[in-house]
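Data first, discussion second: the structure below is written as structure tokens.
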Amino acid sequence: MRPLTEEETKTMFEKLSKYIGENIKLLVDRPDGTYCFRLHNDRVYYMSEKILKLATNISRDKLVSVGTCFGKFTKTKKFRLHITALDFLAPYAKFKVWVKPGAEQSFLYGNHVLKSGLGRITENTMQYQGVVVYSMADVPLGFGVAAKSTQECRRVDPMSIVVFHQADVGEFIRNEDTLT
């Protein structure tokens, strides 16, 4: 386990800023202690410094995971967010989308959100902006990318895609064999 390099930190923070903007600093400087990001086996983990100090007693080859997995770096050095980061992204999300109860199941099966399933959307959401997807009861379901801006969503066909699916809480069940 090692700290992220300058380039890895920049890549990861650019991805996080699509969803939570300047609130990234709230993830690191929390009132309950200092938290940090560490890289282990191409995966980025978010943990308190207390847990980090305890984890140094375990050898790298024996360590499976520590803290919360935020995502992983692909072979091409792009950063992909994992659904495990949702609990930390949702409270700080700048742009949100609420889906109707009928569209929740479709989204949780890995499908995009259609205009017909859109309940509400945050004002001034730009096209290709990262959004956190909520149920109408304000339960975070996952995250994606806005396919259309808020203005375009108002006058678009009911069967057109408004949010591209990226990750959802249904992944825990669909991919439980490969999630580590």
Side-chain angles (χ1 to χ4, degrees), residues 4 7-32 34-37 44-46 67-74 78-175:
L4 278 71
E7 187 177 318
E8 290 167 341
T9 304
K10 182 177 180 248
T11 304
M12 187 189 77
F13 281 1
E14 282 175 357
K15 182 67 120 176
L16 285 177
S17 69
K18 287 182 181 179
Y19 294 93
I20 61 177
E22 304 86 40
N23 293 335
I24 295 172
K25 58 183 167 260
L26 297 174
L27 286 176
V28 179
D29 299 325
R30 290 177 35 175
D32 58 334
T34 306
Y35 283 69
C36 59
F37 294 98
V44 177
Y45 293 94
Y46 176 69
T68 302
C69 182
F70 251 59
K72 73 176 209 171
F73 283 99
T74 62
K78 292 184 177 146
F79 185 72
R80 291 214 36 174
L81 276 172
H82 281 195
I83 190 60
T84 49
L86 180 64
D87 292 335
F88 297 97
L89 294 180
Y92 303 118
K94 293 192 123 190
F95 300 100
K96 302 174 183 179
V97 169
W98 288 266
V99 293
K100 293 178 181 173
E104 279 181 34
Q105 188 172 11
S106 175
F107 181 75
L108 294 177
Y109 282 154
N111 299 318
H112 303 307
V113 177
L114 302 176
K115 166 71 163 89
S116 59
L118 184 69
R120 292 187 316 203
I121 186 168
T122 307
E123 282 296 318
N124 301 324
T125 302
M126 303 301 292
Q127 189 174 17
Y128 306 123
Q129 176 69 50
V131 294
V132 175
V133 179
Y134 286 87
S135 68
M136 291 305 276
D138 279 334
V139 176
L141 300 175
F143 44 85
V145 175
K148 309 253 186 266
S149 68
T150 305
Q151 302 304 325
E152 292 170 333
C153 284
R154 292 192 176 117
R155 57 185 179 276
V156 78
D157 176 52
M159 293 310 290
S160 41
I161 297 170
V162 292
V163 176
F164 295 122
H165 175 274
Q166 284 202 326
D168 64 81
V169 293
E171 279 184 35
F172 287 121
I173 296 168
R174 289 195 310 270
N175 303 332

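Start at 1 with the first residue, then count along the sequence. Because the structure is predicted, anything quoted here is derived from the model rather than measured.
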Which heavy atom in [X] sits nearest to a heavy atom in [Y], and how many Å separate them?
X	Y	result
Gly170	Asp168	N-OD1, 2.7 Å
Pro140	Val169	O-CG1, 4.2 Å
Glu171	Gln166	OE2-O, 3.7 Å
Lys100	Leu118	CE-O, 3.4 Å
Ser135	Glu104	CB-OE2, 3.1 Å
Pro101	Met136	CD-CG, 4.1 Å

Determine, step by step, whether Val131 and Val145 satisfy the side chain to side chain contact (heavy atoms under 4.5 Å, CB included) criterion, reporting the C-alpha distance in whole Å, the side-chain angles of both residues, the deciding distance to 0.1 Å, and the verdict.
CA-CA 6 Å; Val131 294; Val145 175; over 6 Å; no
Is the backbone N or O of [Y] less than 3.5 Å from a side-chain atom of [X], with the two atoms forming a donor-acceptor pair by type?
X	Y	result
Gln127	Ala146	no
Asn23	Tyr92	yes
Ser149	Thr125	no
Ser17	Phe13	yes
Arg30	Leu26	no
Thr122	Lys96	yes
His112	His165	yes

For Lys72, which residues count as a salt bridge (Lys or Arg N to Asp or Glu O under 4.0 Å) partner, sequence neighbours excluded?
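None.
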Less than 4.5 Å apart, any side-chain heavy atom of [X] and any of [Y]?
X	Y	value
Tyr134	Val99	no
Leu16	Leu81	yes
Phe37	Val28	yes
Phe95	Tyr19	no
Leu141	Leu108	yes
Phe88	Leu27	yes
Val133	Val163	yes
Val44	Leu4	yes

Using 4.0 Å as the upper bound for N to carboxylate O, is an ion pair formed by Lys94 and Glu123?
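No, no charged N to carboxylate O under 4.0 Å.
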I'd like to know if Glu14 and Lys10 make a salt bridge, using a cut-off of under 4.0 Å between side-chain N and carboxylate O.
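Result for this pair is yes, salt bridge flagged.
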Before giving the answer on side chain to side chain contact (heavy atoms under 4.5 Å, CB included), spell out for His82 and Cys69 the whole-Å C-alpha distance, their side-chain angles and the decisive distance to 0.1 Å.
CA-CA 7 Å; His82 281 195; Cys69 182; 3.6 Å; yes
Would Tyr45 and Phe70 count as a ring-ring contact (aromatic ring centres under 6.0 Å, His included) here? Give the steps.
CA-CA 6 Å; Tyr45 293 94; Phe70 251 59; 9.9 Å; no
Looking at the rings of Tyr46 and Tyr35, which for Trp means the six-membered one, are their centres under 6.0 Å apart?
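Between Tyr35 and Tyr46, which both carry aromatic rings, the centre distance is below 6.0 Å.
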Would you say that more than 12 heavy atoms from the other residues, nucleotides or ligands in this model lie under 6.0 Å from the OH of Tyr128, or not?
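Counting other residues, nucleotides and ligands, OH of Tyr128 stays at 12 neighbours or fewer.
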Atom pair CD (Gln151) and CD1 (Ile121), whose distance is rounded to the nearest 0.5 Å
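Answer rounded to 0.5 Å: 10.0 Å.
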So how far is it from Ile161 CD1 to Met159 CE, rounded to the nearest 0.5 Å?
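It comes to 9.5 Å.
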Report the C-alpha separation of Val132 and Val97 in whole Å, then their side-chain angles, then the decisive distance to 0.1 Å, and conclude whether the side chain to side chain contact (heavy atoms under 4.5 Å, CB included) test is met.
CA-CA 6 Å; Val132 175; Val97 169; over 6 Å; no
Just do the side chain to side chain contact (heavy atoms under 4.5 Å, CB included) check on Thr11 and Phe73 with the steps written out, would you?
CA-CA 9 Å; Thr11 304; Phe73 283 99; 4.1 Å; yes
